[in-house]
2 protein chains.
Amino acid sequence: MAETTETGLPRAVTVAWGMQEVPQRGPNRGLSHERIVAAAIEIADNEGLAAVTMQAVATSLGFTTMSLYRYVSGKDELLRLMQDAALAVPEQVTLPGDWREALRVWAGLVRDAFHGHPWVLGIPRGQVSVLMPNSVRAADLGLAALHDLPLDDEEKVGVILVVSQYVTSTVELELNLADEGTVAVSREGLDLLGGVVTPERFPHLAPVLQAGHFLGSEPAGAAGEGAETDYGLDADYDYGLDLIVAGLEQRVRDVSASD
Amino acid sequence: MAETTETGLPRAVTVAWGMQEVPQRGPNRGLSHERIVAAAIEIADNEGLAAVTMQAVATSLGFTTMSLYRYVSGKDELLRLMQDAALAVPEQVTLPGDWREALRVWAGLVRDAFHGHPWVLGIPRGQVSVLMPNSVRAADLGLAALHDLPLDDEEKVGVILVVSQYVTSTVELELNLADEGTVAVSREGLDLLGGVVTPERFPHLAPVLQAGHFLGSEPAGAAGEGAETDYGLDADYDYGLDLIVAGLEQRVRDVSASD
DNA sequence: CGGTATCTGTGTATGCCATAAACCGATTAT
DNA sequence: ATAATCGGTTTATGGCATACACAGATACCG
């Protein structure tokens, strides 16, 4: 159960939206939660999420550890704020007119955000709020992408959820495999696994593993050509998205037919 | 970067598969990683993931904290093992013949596993391995469900991934909303949000929020009838799954047509 | 069959980290 | 001007993961 204010909203939500009353008396404030979150994000970007400690954030700002607690109720709240701030979708996007294209572009924006700050996935789930500013912004943009679809709003929200969840999970998978695939799939580990993942025990999966699919391990191929943003799973990503789009088109046909 | 053995496989993987050499000399072992993981899971089930400390696990087994480190390299590894053990799919499932039904049943099994041990979602992502025993088991079963589909193996793996990711994310969403929806959506918070989520700034989303959709908040309705397993988002869950299935059917048609 | 290398469980110790509590000086409302 | 409030610091605490070194148990080797 997350910390909540009298309104029932999690404190992180009210803070992020600037709905917190600003004190009148007392000295001028030397910090702001924006600056704190920005500093924390920079640390996470450079040194990983584990390096984000209250102390590190505070000293990187030239303040004491405890000073942060005047702006943020605790580390949980800081993490929530970081997460939302990191997943900002660019302002002023112009989406293609065709909803299929628009949806793909939107998904790409979400995906880019994750790729820019992969440590977000290191934040425990179950603490995420749909009501944070950038979530709301992203949702609005997603609905904009689907504007011309002949579905009611509730259903569009469902689509947005499915897609964003899909994108999130795909990035998560990419990162797990980046950790694991490159090393483990080096034949050696796979052979070892072959001892336990036998065709008798796993009739359907064993052949696939043996064939070397799974894990998106291409046959070496031409690596190195602008490899920066090559996550190796682009094909799988596109495939899943195609699947969703196809399902959506079918749904549209069904709806249109029943009119 | 996760701890790896000489094989390149994460240590958690080799431990989970029992691929670790058993020592010959020395006293008889009083513990096993299975018992440790089981104890840890019990604590997590009863008191939440936060209560799972090395100390708590050890004393619940009647041993010292440090004794655990003879079986598990650290807490990270323990969490990985817990995650995999918690997400076990029942043995001896018989899947329906129709692949649509089978896929739904399979997705339901995965979903049930999460519902049984929701704390799994509290484990930071990016640490999860696809090579753990129960992941493999689940993947095998998933492929079995799709056995009759006229798609190649690689594509089926893609489908499995999409579906399991979808299920995972849906459960995550459910839990987030259970934390937040029940409390926050009590009109009061929503009104407050209305001040910032204005139709001018969020033309597409604001109406939806105002209408009370989003967050799966039904108009009160008849709650209490066997509410145990009522997560409120079943409709959304089914919807997304339908979408995927529909997409898949389309894909099958495409493939068949190009034959 | 005795010696030795090896392993297990334990006790002790360390260092990091989040956070609580009390304090001083600055600022503003009255 | 005075009092109520607030910001930032200092100091202190408790929890937690884990490194290290030890004492007894066990199995291999000659």
Side-chain angles (χ1 to χ4, degrees), chain A residues 1-3 11-12 15 18 20-37 39-40 43-44 47-82 119 122-124 127, chain B residues 1-3 11-12 15 18 20-37 39-40 43-44 47-82 119 122-124 127:
Chain A
M1 225 152 312
E3 209 162 353
R11 226 193 84 100
V15 170
Q20 213 74 22
E21 309 139 17
V22 200
Q24 296 305 331
R25 298 172 238 243
N28 295 327
R29 315 190 93 180
L31 277 174
S32 64
H33 52 87
E34 287 91 345
R35 279 187 64 201
I36 293 176
V37 169
I43 294 177
E47 309 167 52
L49 193 62
V52 177
T53 92
M54 292 289 147
Q55 187 159 269
V57 175
T59 57
S60 91
L61 287 165
F63 284 79
T64 341
T65 308
M66 290 310 293
S67 67
L68 302 187
Y69 288 86
R70 296 277 176 207
Y71 300 86
V72 161
S73 74
K75 196 177 184 183
D76 274 7
E77 190 174 305
L78 177 57
L79 287 178
R80 285 190 182 220
L81 293 172
M82 286 174 67
W119 46 263
I123 299 177
Q127 309 251 0
Chain B
M1 225 151 312
E3 209 162 351
R11 227 193 84 99
V15 171
Q20 214 74 22
E21 309 140 17
V22 199
Q24 297 305 334
R25 301 170 230 238
N28 295 327
R29 315 190 92 180
L31 278 173
S32 64
H33 52 88
E34 286 93 344
R35 280 187 64 199
I36 293 175
V37 169
I43 294 177
E47 309 167 52
L49 193 61
V52 177
T53 94
M54 292 289 146
Q55 188 158 244
V57 175
T59 55
S60 91
L61 288 164
F63 284 79
T64 339
T65 309
M66 289 309 294
S67 67
L68 303 187
Y69 287 87
R70 296 280 176 206
Y71 301 86
V72 160
S73 75
K75 195 176 185 183
D76 275 6
E77 190 174 304
L78 176 58
L79 287 177
R80 286 189 182 218
L81 294 173
M82 286 173 67
W119 46 262
I123 299 178
Q127 308 250 6

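Just so we're on the same page: letters track the sequence lines, and every chain starts at 1.
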- request: Rounded off to whole Å, could you give me the CZ-to-P distance for the R35(A) and dG7(D) pair?
  value: 15 Å

field: M54(A) CE to dA18(C) P, straight-line distance once rounded to whole Å
entry: 6 Å

message: Is the shortest side-chain heavy-atom distance between M82(B) and L78(B) below 4.5 Å?
response: yes

- prompt: Under a 4.5 Å cut-off applied to non-hydrogen side-chain atoms, are T53(B) and I43(B) in contact?
  reply: no

- request: Tell me what T64(A) touches on the nucleic acid: a base, only sugar-phosphate, or nothing, going by heavy atoms under 4.0 Å.
  value: base

query: Separation of I43(A) atom CD1 from dC17(C) atom C1', in whole Å?
result: 14 Å

- line: The residue, G26(B) or L68(A), whose nearest nucleotide of DNA chain D is more 5′ is L68(A)

- prompt: What's the CG-P distance between L78(B) and dC16(D), to the nearest Å?
  reply: 14 Å

Contact check, side chains of V72(B) and V15(B), non-hydrogen atoms, under 4.5 Å: no

message: Rounded to whole Å, please give me the gap between CD in Q55(B) and P in dT10(C).
response: 13 Å

message: If you define the side chain from C-beta out and look only at heavy atoms, does anything of L49(A) sit under 4.5 Å from L79(A)?
response: yes

query: dC29(D) P sits how many Å from Q24(B) CD, rounded?
result: 10 Å

- line: Side-chain contact check for N28(A): nearest option of dA21(D), dT28(C), dC6(D) is dT28(C)

- prompt: Using a cut-off of 4.0 Å on non-hydrogen atoms, how would the nucleic acid contact of R29(B) be classed: base, sugar-phosphate, or nothing?
  reply: sugar-phosphate

- request: With heavy atoms under 4.0 Å as the rule, sort S67(A) into base, sugar-phosphate or nothing.
  value: base

- prompt: In whole angstrom, what separates R70(A)'s CZ from dA21(C)'s C1'?
  reply: 11 Å

- line: Closest of dA21(C), dT10(C), dG24(D) to the M66(A) side chain is dA21(C)

- request: With heavy atoms under 4.0 Å as the rule, sort Y69(B) into base, sugar-phosphate or nothing.
  value: base

- prompt: 5'-most contact on DNA chain C: R25(B) or K75(A), nearest heavy atom basis?
  reply: R25(B)

Y71(A) OH - dC6(D) P separation (whole Å): 13 Å

- prompt: Counting side-chain heavy atoms from CB outward, which of dC17(C), dG9(C), dC16(D) is closest to F63(B)?
  reply: dG9(C)

query: Is there side-chain contact between R35(A) and Y71(A), with at least one heavy-atom pair below 4.5 Å?
result: no

